[in-house]
Amino acid sequence: MNQLPRVVYQVYPKSFMDTNGDGIGDLNGVISKLDYLAELSVDTIWLSPIFASPMVDNGYDISDYCAVSPEFGTMDDLDRLIAEAKKRNMGILLDLVLNHTSDRHEWFKEAMRDPKSPYRDYYIFRKGIDGGPPNNWRSNFGGSAWERDEVTGEYYLHIFAKEQPDLNWENPAMRRELFDMIRGYLEKGVSGFRIDAISGIKKRQDFPSLPPDAPDGLANGESCWTVYPGIEAFLSEMRDSVFKPYGAYTVAEAAGVDYERLPEFIGENGYFSAVFDFSYTDIDLENGLWYTSRRVEPKQLRESVFASQKAVCAAGCGAVYLENHDQNRSCNKYLAPVDSTTAGKAMLGVMYFFLQGSAYIYQGQELGIPNYPWADIAEFDDVATIDQYRRGLSAGLSERAALEAVAHRSRDNARTPMLWDKSECAGFSTGRPWLPVHPDFQSLCAEEQDAQDVSLLRFYRRMSALRQGEYAKLFLTGTLAPRFEEYENIFAYERQLESQRILVVCNWQSTPQTLCLPGGRILLDNLREEEQIGGQTALAPFEALVALLEENL
Ligand code: NOJ
Ligand code: CA
């Protein structure tokens, strides 16, 4: 495999930078900000989907894998982006959505137009039962996972929105077409892929109804489609015939992979280079339910992160992250409002950034952009949020209560425009942005943070430079051992590679904490001026430090 990425930056193209004033970010916008990313010591850029799409789910509904969506630009722009990134030693990861396509994809249109067409079997059509769908599975975005084809009376399966019909991976011709398409992008020179919802590609083939789990009579169908037995054959085929020959880096969104099974998914001969673990980013949710978010204590988060690291380190290389386009902003999730300061946000950064694996930064995280202060459901775009709001109303919530329920966890919190400068629309666009601009953009924008001596952006630059420097290998692959676990609010760990040892300590509380620290040289600290640590040390509230320990092993 190519070198593992050290620092990956996720770009959500629609919200990153608009260069033609239509209010929608574009590939030329990404090109125009490559130097910003270079200054942040990014070596790899993950682009959320840029392919042709009716944008029901913002590009996660692809209507043509071989074309760039006109909002984002052209294939020439993509080629230019790949080349310009390469000049700066950056690789590009494209987002592969292989579980489903858009219902506007030619394959699906043909499947609907002519039930006898070979494309019908590229999707999952089944006869209904008793005038209703084939079974009672609920889609991830609510309602039945089946949609009726009015012409034949059959139903097609969609585990996400009805405009996202699931592909039938049992069909070898369909798989061949997908694999050829992926090879095409590798030939173009992308360094790899983030792979969407891949644990859902294998479905239980007898499609049984399940005991209903809610008053709607439907059931969560995950047990019949998440990492369902038989998926192994599809994943190995894709690894061996597509990824391996090109040495591609792959990071999978693979919900439902148990820790015991990680060695099969990542590592030397894993299906992927890395997988995202949701356990600590969804830790605020009970049973994964979007409306159950609660404040998480540092100790609880620490246990979850360390359990994850233990499993990942034993299996291969991780992909550590705080935010992505499906999450709300990390300062709102993990910090109490009064603690959501530059120091608090920098501490959150240190907490995850030096864990084992590639470190991912989501756009705007380095500026500490918080959730948007939503005032009306009409301000949202996200298909999932709007569905959740409707479900809230039908469960009897008032409009206000339903809005409150969805606002905190809405995916649109991560999708508001990037904040570049102090001009109107924060320099994101000269037109009307597709989502509202955060009202605090004057103080949060990159221009302002760049001008300050102390800012979160400057701190992220230092963190990232440290990740890229002489200890890069230790951060990527070294072992991890928890430290100071007897303290409720200390999040600390030691990393080690051969004789090198690095200690990371975060004081996650609004009061100081004295610790007896081993002797060492400070590589990074969000609050302290000194260069050395050792002995009884009073850590300031929300202080976070990274130190090279003197005593080598
Ligand atoms: C996961 C993606 O991250 C999310 O944004 C999308 O809605 C679903 N997969 C469906 O593709
Ligand atoms: Ca644009």
Side-chain angles (χ1 to χ4, degrees), residues 10-33 46-51 53-63 65 68-74 77 93-103 105 139-142 145 157-167 193-201 222 225-226 251-256 275-276 278 281-282 288 290 319 321 323-328 360 362 381-388 409-415 417-418 425 427-435:
Q10 183 188 352
V11 166
Y12 196 68
K14 203 169 172 185
S15 308
F16 193 60
M17 179 65 199
D18 172 24
T19 54
N20 63 351
D22 64 357
I24 295 175
D26 41 56
L27 292 180
N28 281 330
V30 183
I31 296 172
S32 73
K33 296 295 181 186
W46 153 23
L47 292 178
S48 277
I50 47 142
F51 309 102
S53 162
M55 299 283 163
V56 169
D57 192 16
N58 282 326
Y60 285 93
D61 47 325
I62 295 175
S63 54
Y65 290 104
V68 169
S69 193
E71 290 99 318
F72 294 146
T74 62
D77 296 337
L93 304 181
L94 295 179
D95 208 318
L96 286 179
V97 187
L98 307 176
N99 175 71
H100 46 269
T101 66
S102 157
D103 62 348
H105 194 289
S139 103
N140 286 333
F141 290 162
L157 180 71
H158 60 90
I159 66 178
F160 292 96
K162 68 177 188 325
E163 296 86 354
Q164 294 169 299
D166 280 52
L167 286 165
F193 305 98
R194 178 267 188 186
I195 306 170
D196 188 67
I198 197 68
S199 44
I201 58 174
E222 271 172 14
W225 73 57
T226 300
V251 56
E253 189 201 32
V275 298
F276 290 121
F278 299 103
T281 41
D282 281 342
W290 49 272
Y321 69 105
E323 295 182 12
N324 65 32
H325 64 290
D326 291 332
Q327 296 285 331
N328 56 349
Y360 282 66
Y362 178 72
D381 170 90
D382 177 23
V383 58
T385 304
I386 293 164
D387 172 70
Q388 289 161 357
R409 257 293 185 160
S410 171
R411 307 192 298 178
D412 279 344
N413 287 304
R415 302 175 182 183
M418 183 65 178
C425 302
F428 163 71
S429 174
T430 53
R432 185 162 183 270
W434 72 283
L435 271 186

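Ligands are counted one by one from 1 in listed order, and the atoms in each one are counted from 1 as well. Position 1 is the first residue of the sequence, and the numbers go up from there.
Against a heavy-atom cut-off of under 4.0 Å, His100 is close to the following atoms of ligand 1: 10 (C), 11 (O). Each of the following atoms of ligand 1 lies closer than 4.0 Å to a heavy atom of Arg411: 4 (C), 5 (O), 6 (C), 7 (O). The distance from ligand 1 to the heavy atoms of Phe141 drops below 4.0 Å at these ligand atoms: 7 (O). The ligand atoms of ligand 1 that sit less than 4.0 angstrom from a heavy atom of Arg415 are 5 (O). Each of the following atoms of ligand 1 lies closer than 4.0 Å to a heavy atom of His325: 2 (C), 3 (O), 4 (C), 5 (O).
Not a single N/O/S atom of Thr19, whether from backbone or side chain, sits less than 3.0 Å from the Ca ion (ligand 2). Residue contact annotation: Ile24 places an N/O/S atom under 3.0 Å from the Ca ion (ligand 2). Here Asp22 meets the criterion, with an N, O or S atom under 3.0 Å of the Ca ion (ligand 2).
In this structure, OG1 in Thr101 is found 9.0 Å from CG in Asp166, a value given to the nearest 0.5 Å. In this structure, the separation between NZ on Lys33 and CE on Met418 is 8.0 Å, given to the nearest 0.5 Å. A distance of 8.5 Å separates CG in Asp387 from CZ in Phe141, rounded to the nearest 0.5 Å. Here the CD atom belonging to Glu163 is positioned 5.5 Å from the CG atom belonging to Asp103, to the nearest 0.5 angstrom. Taking CG of Asn58 as the start and OG of Ser53 as the end, the distance is 7.5 Å to the nearest 0.5 Å.
Contacts of Gln327 with ligand 1, taken as heavy-atom pairs under 4.0 Å, are absent altogether.
Given atom 8 (C) of ligand 1, the protein heavy atom at minimum distance is Phe160 CE2, 3.7 Å. Of all protein heavy atoms, the one closest to atom 3 (O) of ligand 1 is Asp326 OD2, 2.4 Å. The protein atom (non-hydrogen) at minimum distance from atom 7 (O) of ligand 1 is Asp57 OD2, 2.5 Å. Scanning the protein for heavy atoms near atom 1 (C) of ligand 1, the closest one is Asp196 OD1, 2.9 Å.
Between Asp282 and Arg409 there is a salt bridge, with a side-chain nitrogen of the basic residue lying less than 4.0 Å from a carboxylate oxygen of the acidic one.
Tyr60 and Ser48 share a donor-acceptor pair across their side chains, judged by distance under 3.5 Å alone. A side-chain donor-acceptor contact under 3.5 Å links Ser410 and Thr385.
Across all non-hydrogen atoms, the minimal contact from Ser102 to Pro165 is C-CD, 3.7 Å. Closest heavy-atom contact between Ile198 and Ala254: CG2-CB, 4.2 Å.
No other N/O/S atom of Asp18 lies as close to the Ca ion (ligand 2) as OD1 does. Minimum-distance N/O/S atom of Asp26 relative to the Ca ion (ligand 2): OD2.
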